[in-house]
Amino acid sequence: MPEKKVTTDSGITINELYDASSIAGIPASPPPGEFPFTRGVQPDMYRGKLWTMRQYAGFSTAEESNKRYHYLLSQGVMGLSVAFDLPTQIGYDSDHALAEGEVGKVGVAIDSIEDMQTLFKGIKLEDVSTSMTINATGFILLSLYVALAKQQGADLKKISGTIQNDILKEYAARGTYIYPPKPSMRIITDIFEWCAQDLPKWNTISISGYHIREAGSTAVQEIAFTLSNGKAYVKAALEKGLDINVFGKRLSFFFNAHNNLFEEIAKFRAARTMWATMMKELGATDPKAMMLRFHTQTGGSTLTAQQPLNNIARVTVQTLSAVLGGTQSLHTNGYDEALSLPTEEAARIALRTQQIVAFESGAADTVDPLAGSYFVEALTKEVEEAAWQLIGKIDAMGGSVSAIEQGFIQDEIARSAYDYQRQVERNEKIIVGVNKFQSTDTNTPPPFKIDDSIRQVQSEKLATLRHQRDHAKCDQLLQLLSDKAGSDENIMPTVIEAVEQKCTLGEIADTLREVYGEYK
């Protein structure tokens, strides 16, 4: 009988047995904290400090989200992670015609400085690390956050957090872009430049493989496309004259954790090695500018609406892969997220999953515990080699921006998504409760629903805000922003001043639409 062929999700063949010969020729990795950081970016990793336990939350109005944040902080969350609704993500105020039906649905609606004040009411920004999942309007949300920190009397040198701010993956995988690639890259480098000077502890970008994976890529494609995008941002910053050893320390990454435990661990280890190598080649000399620091979220697309409690087991496996792979920060999904936004109970169980792995499993007791495993070391090398091959193809096209403009990255992701779906339909890939071990029990937990009246509430708030502010001052600042956008001057100081004077998110986004146009 022919031997059964087993592969990872990326199509890498898995041997029946691994032994010393499997890693012959693979040099031993240097200790953790040393280039190329395969074994981790800190010498002591979780012995020194556990990963930051975040829970991604945001829904409905700023008032409702604020209540959830206070609840999560009371349950042991170490950092907040803000989800914004689609109108906020693509630069429309809640009362815009295109916002209808979407206000507060997949995240919180933020139209102005007043919403930001409500969102963080009772929370000192100096005391928390905040991650904001925002891209096309990332510069506006960061400006709102900075304006609020100033109102609180905070020292901007102490404010820490991250904006996703990764527009390239929006063109490739997700779709919440506004402006064409070149002006979008210019806005991003303005953020790099301004933060290096004024907000030194802020991570100016979270280069995201998460959405590439959610769109259907393999693990190998996830790191290849993400690191290629990272290289494009670094080159854009270098062209602006920024110092790679300064801005390089503030680049962070965002990866997905799926169910294939060992491939995911290998992926995280390979990504660190590859990024360190890349940054060295691009001219970095400071080791901290070569370290790949990353946030992980468990795989939303792996969750099933069928038998949703099974998702607790899936999230546990994914949590272990992130921790054994050396993540710096982690969000665990609620078991009910294939059905709706997570209920409070599901969010609590998701957080407890991290806490059990941290304090009960022993996984955090030693650094890179799977180093030296014949299987993990061989797989790390294979993932790395396959990812370098893909990056070579992208480089030959002129880099990520060109590869996206030519549709290469989008086509590769679509092909992988199609192949995966065919494997599920042919029962070559088993999804418990979906194509095997089904149950006739249709008893699912009640979904968490968002009230459609939120748009009315937000619209009334906007009407009051516009009535009470200084119109002449707002018009003057929006004109100044338009002028700066058309020049080489950094737009960030003007955007901050505009939000302080109660200009809305939509007005600022529209001002730049008039200068840059929209990407179609």
Side-chain angles (χ1 to χ4, degrees), residues 46 48-84 88 107-110 112-134 137-165 191 194-195 198-206 249-254 293-297 322 327-334 342 344 347-348 350-352 354-355 358 496 499-500:
Y46 308 134
K49 180 178 180 277
L50 283 174
W51 62 93
T52 301
M53 297 182 194
R54 295 188 187 279
Q55 284 306 108
Y56 182 50
F59 55 90
S60 174
T61 59
E63 288 88 346
E64 288 301 313
S65 293
N66 177 260
K67 285 179 199 167
R68 178 67 67 91
Y69 295 155
H70 279 285
Y71 171 75
L72 289 170
L73 289 166
S74 77
Q75 295 297 304
V77 156
M78 304 165 183
L80 297 174
S81 187
V82 186
F84 298 96
T88 303
V108 63
I110 298 292
S112 72
I113 186 70
E114 291 183 356
D115 287 331
M116 209 65 164
Q117 288 162 347
T118 306
L119 186 66
F120 290 101
K121 189 177 179 183
I123 298 168
K124 281 185 69 181
L125 300 192
E126 262 189 37
D127 296 345
V128 291
S129 160
T130 303
S131 169
M132 295 192 278
T133 304
I134 195 74
T137 54
F139 67 105
I140 307 174
L141 271 300
L142 178 59
S143 297
L144 286 162
Y145 196 82
V146 168
L148 179 60
K150 285 165 72 178
Q151 286 179 0
Q152 290 186 357
D155 178 356
L156 294 188
K157 300 278 189 281
K158 292 180 182 169
I159 295 293
S160 69
T162 306
I163 40 170
Q164 195 163 95
N165 199 29
I191 294 168
W194 184 83
C195 287
D198 292 87
L199 208 65
K201 285 180 78 175
W202 194 267
N203 294 323
T204 49
I205 193 166
S206 176
K249 294 175 192 170
R250 303 273 38 112
L251 306 176
S252 65
F253 287 81
F254 174 25
R293 297 165 303 116
F294 66 99
H295 170 71
T296 309
Q297 182 175 336
T327 194
Q328 276 60 66
S329 162
L330 179 61
H331 162 86
T332 32
N333 290 333
E344 204 165 271
R348 184 173 62 250
L351 175 61
R352 293 289 180 258
Q354 293 201 48
Q355 290 163 338
I496 293 165
V499 300
E500 287 174 331

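Rounded to the nearest 0.5 Å, atoms CZ (Phe254) and OG1 (Thr162) are 11.0 Å apart. The CG atom of Leu50 sits 12.0 Å away from the OG1 atom of Thr327 when rounded to the nearest 0.5 Å. To the nearest 0.5 Å, the span separating NZ on Lys201 from NZ on Lys158 amounts to 8.5 Å. From Ile496, atom CD1 reaches atom CG of Leu142 across 7.0 Å, with rounding to the nearest 0.5 Å. Asn203 CG to Arg250 CZ: the interatomic distance, rounded to the nearest 0.5 Å, is 4.5 Å. Residue Leu330 holds its CG atom at 11.0 Å from OG of Ser81, rounded to the nearest 0.5 Å.
Between the side chain of Thr137 and the backbone N or O of Thr88 there is at least one donor-acceptor pair closer than 3.5 Å. For the pair Ser252 (side chain) and Ile205 (backbone), a donor-acceptor distance under 3.5 Å is present. Side chain of Gln328 to backbone of Trp51: no donor-acceptor contact under 3.5 angstrom is found. Between the Thr332 side chain and the Ala350 main chain, a donor and an acceptor come within less than 3.5 Å of each other. A donor-acceptor pair is defined here as one N or O able to donate and one able to accept, closer than 3.5 Å; no such pair exists between the side chain of Thr133 and the backbone of Phe84.
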key: Derivation and outcome, side-chain contact (heavy atoms from CB on, under 4.5 Å), residues Leu73 and Leu80   = CA-CA 8 Å; Leu73 289 166; Leu80 297 174; 4.1 Å; yes
inquiry  = Could you walk me through whether Met116 and Ile110 satisfy the side-chain contact (heavy atoms from CB on, under 4.5 Å) test, starting with their C-alpha distance in whole Å, then the side-chain angles of each, then the deciding distance to 0.1 Å, before giving a yes or no?
reply    = CA-CA 7 Å; Met116 209 65 164; Ile110 298 292; 4.2 Å; yes
message = Please evaluate residues Trp202 and Leu156 with respect to the criterion side-chain contact (heavy atoms from CB on, under 4.5 Å), reporting the C-alpha separation (whole Å), side-chain torsions for both, the decisive distance (0.1 Å), and the verdict.
response = CA-CA 9 Å; Trp202 194 267; Leu156 294 188; over 6 Å; no
request  = Run the numbers on Met132 and Asn165 for side-chain contact (heavy atoms from CB on, under 4.5 Å), then give the verdict.
outcome  = CA-CA 9 Å; Met132 295 192 278; Asn165 199 29; over 6 Å; no
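Contact detail for Pro200 and Lys157: the closest heavy-atom pair is CG-CD, 3.6 Å.
Applying the salt bridge (Lys or Arg N to Asp or Glu O under 4.0 Å) criterion to Lys67, with sequence neighbours excluded, gives Glu64.
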Side-chain donor/acceptor pairs under 3.5 Å, residues 117-130, sequence neighbours excluded:
residue : atom : partner : partner atom : Å
Gln117  : NE2  : Gln151  : OE1          : 2.8
Thr118  : OG1  : Glu114  : O            : 3.0
Glu126  : OE2  : Asp155  : N            : 2.7
Ser129  : OG   : Arg54   : NH2          : 2.7
Thr130  : OG1  : Tyr145  : OH           : 2.7

